[in-house]
Amino acid sequence: MPVRYRGTQRRSPYRTQWVLFLLFLVASAGFLTYYLLSSFSPEDIEREVLAIKRKIMPKRVIELRPDDLSIPDTAVPVGFIPIEVGTLQGMNTEVTLCMLSYGLYSEEPDKYPMMKDLIAGTCHGQTITRTLSQLDVQITNTLTPTGFVFHESRVGSTLVANLLASDPENLVLSESHPPSSILKCSQCSPSLQVEMLRVVMKAMSNTNHKRVFFKFQSVNSLKLSIIKQAFPDTPWVFLYRDPVEVMVSNLFPRQQKYLSKSAPCLRYMGHPMVQHLELLQGTSYSSLSFEEACALHLAALSKNALEQTKDTPIGVPINYKALPDILYTDVFPRMFSYTPSTETLNKMKSIQTQYSKGRDNQNTFTSDVQSKQEKATTAIKTAASKVEPFFNGLEEQFRRFKQSTQSVAARPTRNPLANKFSKLPPDTRYSKEASIKEYLPYPKLQPLEKFLKEWPPDKPDVPSIPGIREGTLRRFDYSNTTERAMAARYQMHEVPFVITNVPDVDNAAKNWANDEYLKQKFGSTKLSVTTSKSNHFYYFNKRGLQADNYEAPTGIEKMLFGDWLQHAYQSDTSSVDSPHYYLQLNSVGPNAWIVDDLPCFKPERSFFIVEPHQNRGINCRFGARGIIASAHYDGGRNFIAMIRGAKRYVILPPEECVNTYMYPRNHPESRHSKAEWSSLNFDEFPWLRNAQTAQVVLSAGEILYLPSYWIHYIISTGVSAQCNTRSGLAIRGRQHIADCGFY
């Protein structure tokens with residue numbers, strides 16, 4: 001039998017080359033991964049991971065999911081809230097919405113400590129998409145945020161969120177992506193960013209909860225000023241801690257032995273923000289050690305929070321050491337106007353014993369203050385000293401808060417937004433408005449004194465102040481169906497706005513600009529013209545109870561339209577103390593042609609006529625330069641079309657009635673202010689210093705919606721013609737007018 005030799009196995013001559021090639025591929029993949037990770041923020045990466053999870057995770061039944069998910073384009077069902085924001089394109093930005101299982105978060109907050117956990121566990125790709133413009137129209141039952149939680153990172157913010165979420169009546173959105181995405185919009189103007197933020201955050205309350213709280217990512221504390229502009233009346237807290245302990249928590253998370261280069265405080269080393277650069281004072285970020293970079297970020301957060309808490313009663317810093325007791329005694333009741341029930345309070349005290357980010361691991365919370373101090377290196381302590389001045393400032397603010405006893409909740413008595421009538425039996429006339437839980441926090445108001453000082457009423461010419469002609473009201477294009485729908489939403493919320501590009505009004509404006517056209521229309525009919533010895537016109541009711549010494553402020557003269565027009569042109573060069581002539585008439589009898597010129601104001605149900613059976617026709621006012629209609633309110637929903645010239649409207653919401661010194665009921669000038677606003681005497685009328693107002697210049701072709709009970713003060717800037725129509729009364733404002741002695 002032949003002997004077989006076990007020779008040495010022959011190696012391939014290419015084996016070494018293959019090994020080297022594979023090593024090259026691994027190294028290249030590692031380098032590419034590092035490059036990609038360093039090019040995108042952790043939030044961007046996290047968002048993509050969650051998107052993949054929702055696609056591959058098995059589906060399960062969740063609560064509140066509608067049977068039919070083929071949602072019509074014109075509706076967003078209650079329960080669907082924004083979870084992601086697409087490429088930022090202003091109000092055309094696309095937003096992804098999903099219905100989440102909010103009850104799971106309430107039952108076990110520590111298992112779903114972040115909104116991303118709730119999305120990954122309960123969304124599963126069952127989504128709908130809308131633009132921000134559509135959300136502004138299609139979601140009407142929204143809430144103004146009850147409270148905000150800002151923080152330094154690793155300072156107990158998740159505990160605060162979990163405690164609030166344990167109450168099923170609270171919706172808590174913890175470090176949600178939509179607001180963060182908008183806050184990172186570098187190409188957005190501040191005003192656009194505020195508007196986008198307001199819409200998306202209001203849309204996130206599209207649930208049946210009674211209160212909504214937002215806990216932001218720590219870096220968003222640097223965007224506090226933008227968030228405050230979007231929600232100026234929402235109270236907020238900023239959680240902070242001894243900087244040494246915060247730095248140890250960031251750099252050595254979860255008892256890690258070696259310094260973590262992916263710590264939250266180091267995420268911005270490659271792309272520092274403005275607040276970082278201000279503190280660097282010319283020093284290169286790349287020259288900093290990890291400890292110095294972490295301290296710099298912490299200093300930026302603390303400095304910004306300290307600046308934002310000064311001179312405001314609705315924002316306070318809270319020291320980590322005071323948690324959780326101060327939440328129950330001060331933060332919840334005083335800051336957020338929220339007092340949990342006994343049952344909820346017991347549940348909260350049970351939750352506070354658990355590690356707030358335990359997720360599926362039931363870990364009991366233990367204090368780590370001492371261990372953090374012991375683990376701090378010399379480098380950390382040295383770097384942390386740079387944060388000390390800001391930490392001490394926050395400590396002083398916190399001390400003042402603890403010593404005070406005043407409630408600083410956000411719901412100001414001057415501007416309450418809650419619909420007090422929403423729980424009444426639905427009235428057929430008010431069914432839409434009665435469904436509103438909370439009115440839009442709009443328009444932005446400013447002190448009346450400011451407006452009157454920068455533009456005195458007796459000087460009717462529009463001053464060269466940027467933005468003063470445009471005013472402070474939203475404008476909508478009637479020819480654009482999306483904008484028209486947005487205007488309809490504002491109308492339902494009974495807030496003022498301006499609408500343009502209404503064909504009937506544009507046609508009337510073109511015709512009425514022609515003096516001969518109007519002379520021909522009015523013909524030989526003599527009209528009743530109101531006369532005044534000055535440019536001030538005061539309404540009075542002849543049938544009211546008149547005192548023996550009461551003297552009517554105006555008179556009546558009969559004249560042709562052409563004669564009135566001649567007086568009006570003379571006003572262009574006359575003094576304010578000379579006689580003025582104001583033409584007021586209704587679209588009845590010989591003036592019925594006005595209805596033909598303004599068919600959009602016919603007594604038929606339409607965008608402009610809410611309740612046709614309560615319409616009283618069209619009223620027109622022909623004014624001249626400098627004519628002032630004294631401050632007053634009217635009851636009906638009022639659409640005011642400017643047909644010729646321009647008028648300045650200074651308008652105040654009904655809650656300002658208490659500050660405006662109205663003549664009482666049964667007085668001839670009832671519903672009108674006693675004060676003369678062109679020369680205000682604050683010693684005689686001191687409450688007017690508190691009055692808050694908006695204003696707009698209404699030009700030919702524009703329509704102003706003036707809701708029921710809104711106080712208005714009107715000045716003509718030249719020869720003008722304005723027609724308005726009213727239909728029905730609103731709910732909003734009734735109580736405030738009643739508190740003033742009316743109704």
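Excluded from the calculations below are hydrogen atoms, water molecules and symmetry mates; all remaining heavy atoms, backbone and side chain alike, are included.
- Each of R726, R605, R637 was evaluated against E611; a single residue qualifies, R637, per the salt bridge (Lys or Arg N to Asp or Glu O under 4.0 Å) test.
- Side-chain contact between V495 and Y439 is absent, with no heavy atoms from C-beta onward closer than 4.5 Å.
- Between T472 and Q446, the side chains place no donor N or O within less than 3.5 Å of an acceptor N or O (distance only, hydrogens not considered).
- Looking at S532 and Y582, their side chains never come closer than 4.5 Å, going by heavy atoms from C-beta outward.
- Side chain to side chain, T144 and K202 meet the donor-acceptor criterion of an N or O pair below 3.5 Å.
- Residues R644 and S720 fail the side-chain proximity criterion, which asks for heavy atoms closer than 4.5 Å.
- In this structure, the side chain of S708 engages the main chain of G635 through a donor-acceptor pair within 3.5 Å.
- A salt bridge between E483 and R474 is absent, with no side-chain N of the basic residue lying under 4.0 Å from a carboxylate O of the acidic one.
- Between Q584 and R621, the side chains place a donor N or O and an acceptor N or O closer than 3.5 Å (distance only, hydrogens not considered).
- The pair R475-E702 meets the salt-bridge criterion, with a side-chain N (NZ, NE, NH1 or NH2) lying under 4.0 Å from an Asp/Glu carboxylate O.
- The aromatic ring centroids of Y713 and Y649 lie 6.0 Å or more from each other.
- Using a cutoff of 4.0 Å between basic side-chain nitrogens and carboxylate oxygens, R484 and D477 are not scored as salt-bridged.
- Remark: side-chain polar atoms of S699 are not paired, donor with acceptor, to backbone N or O of A646 under 3.5 angstrom.
- Listed by chain and number, the residues in a salt bridge (Lys or Arg N to Asp or Glu O under 4.0 Å) with R211 are D167, E169 (sequence neighbours excluded).
- R489 pairs by the salt bridge (Lys or Arg N to Asp or Glu O under 4.0 Å) definition with D136, not counting sequence neighbours.
- Between K519 and D563 there is no salt bridge, since none of the side-chain N atoms of the basic residue sits less than 4.0 Å from a carboxylate O of the acidic one.
- At least one donor-acceptor pair under 3.5 Å links the side chain of S587 to the backbone N or O of I618.
- The aromatic rings of F622 and W512 lie parallel to each other, their planes meeting at an angle below 30°, with 60° marking the opposite boundary.
- The backbone N or O of A508 sits nowhere less than 3.5 Å from a side-chain atom of D597 that would complete a donor-acceptor pair.
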Set out, in order, the CA-CA distance, both residues' side-chain angles and the distance that settles side chain to side chain contact (heavy atoms under 4.5 Å, CB included) for W677 and T660, then state yes or no.
CA-CA 10 Å; W677 288 13; T660 53; 4.3 Å; yes
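- L583 has its side chain within reach of F561: a pair of non-hydrogen atoms, C-beta onward, lies under 4.5 Å apart.
- Contact check for V95 versus T129: no side-chain heavy atoms found under the 4.5 Å cut-off.
- Ring-plane geometry between H672 and H632 is classed as parallel, the angle between the planes falling under 30 degrees on a 0 to 90 degree scale with a further cut at 60.
- Residue W593 places its CH2 atom among more than 12 non-hydrogen atoms of other residues, nucleotides or ligands, all under 6.0 Å distant.
- Between the S673 side chain and the M662 main chain, no donor and acceptor come within less than 3.5 Å of each other.
- In this structure the side chain of V505 reaches within 4.5 angstrom of the side chain of I703, judged on heavy atoms.
- At least one donor-acceptor pair closer than 3.5 Å links the side chain of S606 to the backbone N or O of F608.
- Below 30°, between 30° and 60°, or above 60°: for H567 and Y581 the angle between ring planes is below 30°, a parallel geometry.
- The closest side-chain heavy-atom distance from F537 to S630 is not below 4.5 Å.
- Checked against the 6.0 Å centroid threshold, Y709 and F742 do not count as a close aromatic pair.
- Remark: the backbone N or O of D461 is paired with a side-chain donor or acceptor of W455 at under 3.5 angstrom.
- Checked against salt bridge (Lys or Arg N to Asp or Glu O under 4.0 Å), E676 has no partners two or more places apart in sequence or in another chain.
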Please evaluate residues T207 and H209 with respect to the criterion side chain to side chain donor-acceptor pair (under 3.5 Å), reporting the C-alpha separation (whole Å), side-chain torsions for both, the decisive distance (0.1 Å), and the verdict.
CA-CA 6 Å; T207 66; H209 294 84; 2.7 Å; yes
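- Sorted by first then second residue, the disulfide bond (SG atoms under 2.5 Å apart) pairs that include residues 603-669, not counting sequence neighbours, are C620-C723, C657-C740.
- T93 contributes a side-chain N or O that, together with a main-chain N or O of G90, makes up a donor-acceptor pair within less than 3.5 Å.
- For the 3.5 Å distance criterion, the side chains of N638 and H712 fail to qualify, holding no donor opposite an acceptor.
- Under the 4.5 Å side-chain criterion, counting only non-hydrogen atoms from C-beta, T531 is not in contact with T554.
- Proximity of a side-chain donor or acceptor of E454 to a complementary backbone N or O of F451 within less than 3.5 Å is not detected.
- Here the two rings, on Y490 and Y442, have centers that are under 6.0 Å apart.
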For a quick test of your reading: what N or O donor-acceptor pairs under 3.5 Å do the side chains of residues 522-529 make, sequence neighbours left out?
residue: S528; atom: OG; partner: K558; partner atom: NZ; Å: 2.9

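- Residues N591 and N586 have side chains that never bring a donor and an acceptor to within less than 3.5 angstrom of each other.
- Surrounding NZ of K444 are at most 12 heavy atoms belonging to other residues, nucleotides or ligands under 6.0 Å away.
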I would like to know whether N535 and D458 meet side chain to side chain donor-acceptor pair (under 3.5 Å); could you show each step before the answer?
CA-CA 8 Å; N535 64 325; D458 280 336; 3.1 Å; yes
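- The six-membered or imidazole ring of Y661 lies near that of W687, with a centre-to-centre distance under 6.0 Å.
- By the salt bridge (Lys or Arg N to Asp or Glu O under 4.0 Å) test, R689 is found to be paired with E449, residues two or more places apart in sequence or in another chain being considered.
- S571 places no side-chain N or O within 3.5 Å of a backbone atom of A624 that could act as its donor or acceptor partner.
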Could you walk me through whether F607 and Y478 pass the ring pair (Phe, Tyr, Trp, His ring centres under 6.0 Å) check?
CA-CA 10 Å; F607 178 89; Y478 186 78; 5.6 Å; yes
